[in-house]
2 protein chains.
Amino acid sequence: MTLQMIADRLGLHVSTVSRVLHAKPGEGLRAASSPTVERVRKLADELGYQRNPHAMSLRTQRSNLIGVLVPRLSDMVLATIYEGVEEAAAEHGLSTFVANTRDIPEEQRARTEMVLARRVDGIIFGDAHSDSGFLDEVAARGVPFVLVNRQAEGHPSVVCDDYLGGRMVAEHLLELGHEDVAVVAGEPYASTGINRTGGFADRFREAGLPIPAHRIVHSRFDARGGRAGTERVLASGPPPSALFVVNDFGAIGALGALRDHGLRVGVDIAVVGFNDTPLAAELPVPLTTVRSPMHEMGRRGLRKLVRVLEGGRAETELLRPELVVRASSDPQQYSALMKH
Amino acid sequence: MTLQMIADRLGLHVSTVSRVLHAKPGEGLRAASSPTVERVRKLADELGYQRNPHAMSLRTQRSNLIGVLVPRLSDMVLATIYEGVEEAAAEHGLSTFVANTRDIPEEQRARTEMVLARRVDGIIFGDAHSDSGFLDEVAARGVPFVLVNRQAEGHPSVVCDDYLGGRMVAEHLLELGHEDVAVVAGEPYASTGINRTGGFADRFREAGLPIPAHRIVHSRFDARGGRAGTERVLASGPPPSALFVVNDFGAIGALGALRDHGLRVGVDIAVVGFNDTPLAAELPVPLTTVRSPMHEMGRRGLRKLVRVLEGGRAETELLRPELVVRASSDPQQYSALMKH
DNA sequence: CTGAAAGCGCTTACAG
DNA sequence: CTGAAAGCGCTTACAG
């Protein structure tokens with residue numbers, strides 16, 4: 001099924017058929033006479049004509065392809081963000097290539113080259129490292145891109161207002177009277193962990209309760225990382241009265257570590273996560289957490305990239321977080337839960 | 001950077017350059033004289049030449065593109081399988097388009113058409129419905145494809161031996177003396193849930209303990225679905241002594257429902273999941289489950305598709321499951337856990 | 001060993 | 001309103 005075949009059957013030239021089928025809304029009228037337009041559209045429909053994207057890309061030097069790089073898709077947070085990207089991309093007639101970089105610089109480089117070799121029009125990075133010059137290099141090469149989830153100085157991004165989210169958690173714990181708290185803070189190169197921890201620590205400092213350095217530990221963003229981080233917190237002194245783990249999966253790992261130490265979540269220690277993944281509400285002791293608009297972040301990231309591709313300006317966009325209080329930190333909800 | 005530019009600088013014809021740069025290993029020698037080969041390779045290297053994939057696809061009628069359809073990437077099981085697919089694809093010089101179909105037939109159709117419009121060479125379906133003729137239609141159109149995770153009559157697939165896995169769980173629970181058990185069985189159209197439940201029920205029947213129909217309930221494959229399914233089990237009679245939830249995320253939801261009913265997992269009721277996602281081991285009460293080789297399944301699925309594309313035969317491949325016993329079903333491990 | 005030609009399927013300025 | 005031409009960047013059988 002090609003334009004040529006349609007043209008032949010209709011006794012028209014291929015260029016006429018092309019104009020009719022792919023004229024932009026505004027110039028649809030000048031493509032051909034209306035009887036011709038009718039005939040062409042009808043036949044194309046009957047034959048189920050599909051434009052060949054490779055021919056089009058070759059000719060127009062535009063692929064309608066987007067590269068998406070994430071640390072790992074098996075992290076539900078990134079997978080959900082990607083679902084938003086993919087959904088919005090489909091609505092814009094774009095297709096996406098996703099690849100895992102596992103937060104390893106060489107893989108970030110290799111995967112970037114790979115999608116560029118595939119001639120993507122632009123890239124969405126979900127794996128920005130705040131301490132690396134890699135994105136500056138990419139920008140210097142003139143590759144259009146935006147960041148999602150994590151931000152980096154000088155590049156457009158769509159992220160949750162992580163700093164504010166961290167403050168909200170602190171506010172909540174301060175209201176409950178917690179004075180000795182600890183943070184499992186995620187990877188040191190991820191703006192998410194940095195800003196969530198920053199907002200949290202700043203709010204406690206403002207309350208006259210600065211958090212000592214040994215109460216803040218770095219960690220991987222998965223359940224094992226959360227467990228390991230929590231173990232280090234517990235090894236460094238008496239258990240704090242509250243623990244902020246900067247992502248839900250890490251918080252789940254923390255639950256395991258706490259239970260190994262005989263600490264009852266919601267009674268002996270309050271735990272707060274971040275993201276409000278669907279798991280948080282379903283846990284045996286439901287997890288207090290901060291809802292971040294992951295799906296929406298993906299959608300907006302894609303739209304921002306489209307704007308960049310159209311030559312528009314793009315600033316960093318902060319999405320509003322929302323505290324969701326559950327039994328893991330709220331004594332009232334906890335005792336309601338136990339009334340069975 | 002095009003072949004033409006390299007040819008010009010070297011005073012060669014573009015066809016010679018093409019032959020040198022892209023000759024297959026076997027015919028590499030006959031591409032040009034070795035000094036010419038040297039010169040071409042060197043310059044291509046210096047200039048960082050990258051073949052234009054659109055031009056190549058247009059010319060060769062092969063895109064080196066693979067479509068991957070999954071219910072949803074935010075399901076960690078599918079995300080992990082996809083990671084295997086993507087990894088193996090990269091090794092084979094293939095790129096992938098992934099799309100979510102949310103297990104909705106219209107979306108399965110729409111996304112299939114979408115990847116086909118992108119001219120993929122073949123498709124990997126992770127969302128097969130055993131009660132639908134859709135895959136037969138796709139096969140009838142001559143589209144090469146393989147299934148992963150879920151199987152369907154008459155189509156090549158790579159899946160876990162779910163029936164065996166179900167039997168293993170039954171065996172384990174029978175050894176522990178459980179006689180009154182229930183199953184949260186997943187979606188009725190998914191071979192995973194069907195076969196895991198089938199193996200489990202068969203083994204109990206063989207032991208002279210057939211499971212009554214009301215003890216087997218269908219459910220969605222996420223935490224909320226597991227919770228809802230468990231609620232229905234508990235509503236339909238006295239609590240069973242053991243509960244088999246056919247996937248880990250569902251099992252996590254079950255934990256929530258059980259705790260709402262005041263049932264202590266590992267004491268009042270045994271719980272077993274399926275997949276051994278990284279979360280299972282980290283839960284407050286670690287979850288007994290069946291390890292299924294998700295990543296490997298993805299890798300093998302891609303390789304099987306490559307074989308199909310090369311015109312080879314392809315049968316269904318069953319991967320071996322492995323029972324992982326933890327405290328949620330094992331009284332010994334449970335009491336060891338409590339010794340703090 | 002290397003070149004020349006044809007053609008994959010499209011788009012787009014131009015001519016009539 | 002429609003056609004004809006050129007060309008995007010490659011590959012591949014063929015000729016010399």
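Residue numbers begin at 1 in each chain, while the letters A, B, ... track the order of the sequences.
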What is the distance, rounded to the nearest whole Å, between atom [atom1] of [X] and atom [atom2] of [N]?
{"X": "B:Gln61", "N": "C:dA6", "atom1": "CD", "atom2": "P", "result": "19 Å"}
{"X": "B:Arg39", "N": "C:dT2", "atom1": "CZ", "atom2": "P", "result": "8 Å"}
{"X": "A:Leu21", "N": "C:dT12", "atom1": "CG", "atom2": "C1'", "result": "16 Å"}
{"X": "A:Leu3", "N": "D:dA4", "atom1": "CG", "atom2": "P", "result": "16 Å"}
{"X": "A:Gln50", "N": "C:dC8", "atom1": "CD", "atom2": "P", "result": "20 Å"}
{"X": "B:Asp8", "N": "C:dA4", "atom1": "CG", "atom2": "P", "result": "12 Å"}
{"X": "B:Arg119", "N": "C:dC8", "atom1": "CZ", "atom2": "P", "result": "14 Å"}
{"X": "B:Leu10", "N": "C:dT2", "atom1": "CG", "atom2": "P", "result": "11 Å"}

First encountered from the 5' end of DNA chain D, between B:Met1 and A:Thr36: A:Thr36
Between the side chains of [Y] and [X], is the shortest nitrogen-to-carboxylate-oxygen separation below 4.0 Å, so that they form an ion pair?
{"X": "B:Glu137", "Y": "B:Arg141", "answer": "no"}
{"X": "A:Glu296", "Y": "A:Arg300", "answer": "yes"}
{"X": "A:Arg303", "Y": "A:Glu317", "answer": "no"}

Salt bridge (charged side-chain N to carboxylate O under 4.0 Å, His left out) partners of A:Arg299, counting only residues at least two apart: A:Glu87, A:Glu91
Is there a side-chain contact between B:Tyr49 and the phosphate of D:dC10, meaning an N or O under 4.0 Å from OP1 or OP2? yes
Using a cut-off of strictly less than 4.0 Å, decide whether B:His13 has a side-chain nitrogen or oxygen near OP1 or OP2 of C:dT2. no
Hey, could you give me each pair passing side-chain hydrogen bond (donor to acceptor under 3.5 Å, both in side chains) that has a residue in residues 7-18 of chain B? Not counting sequence neighbours. B:Ser15-B:Arg19
Do the side chain of A:Arg19 and the base of D:dG3 come within less than 3.5 angstrom through a donor-acceptor pair of N or O atoms? yes
Neighbour count above 12 (heavy atom, 6.0 Å) for B:Arg39 CZ: yes
So, do A:His155 and A:Phe145 have ring centers that fall under 6.0 Å from each other? yes
Determine the contact category for B:Ser15: base if any of its heavy atoms lies under 4.0 Å from a base atom, sugar-phosphate if only primed atoms, P, OP1 or OP2 are that close, otherwise nothing. base
Under 4.0 Å between any heavy atoms, over every strand shown, what does A:Thr2 touch: base, sugar-phosphate, or nothing? Just pick one. sugar-phosphate
Taking only heavy atoms on the protein side, list every residue of residues 52-60 of chain A lying under 4.0 Å from any atom of DNA chain D, sorted numerically. A:Leu58, A:Arg59
Exercise answer: donor-acceptor pairs, residues 66-79 of chain A side-chain atoms, under 3.5 Å, sequence neighbours excluded:
residue, atom, partner, partner atom, Å
A:Ser74, OG, B:Glu83, OE2, 2.9
A:Asp75, OD1, A:Val77, N, 2.9

Under 3.5 Å donor-acceptor pairs involving side-chain atoms of residues 114-127 of chain B, not counting sequence neighbours:
residue, atom, partner, partner atom, Å
B:Arg118, NE, A:Ser95, OG, 3.0
B:Arg118, NH1, A:Ser63, O, 3.4
B:Arg118, NH2, A:Ser63, O, 3.2
B:Arg118, NH2, A:Asn64, O, 3.0
B:Arg119, NH1, B:Ala117, O, 3.3
B:Arg119, NH2, A:Gln50, O, 3.2
B:Asp121, OD1, B:Ser63, N, 3.0
B:Asp121, OD1, B:Ser63, OG, 3.3
B:Asp121, OD2, B:Arg62, NH1, 3.3
B:Asp121, OD2, B:Ser63, N, 3.4
B:Asp121, OD2, B:Asn64, N, 2.7
B:Asp127, OD2, B:Thr101, OG1, 2.7
B:Asp127, OD2, B:Gln108, NE2, 3.2

Counting runs of three or more consecutive pairs, Watson-Crick or G-U wobble, with each distance below 3.5 Å, where are the stems of DNA chain C? C:1-3 with D:14-16, C:5-12 with D:5-12, C:14-16 with D:1-3
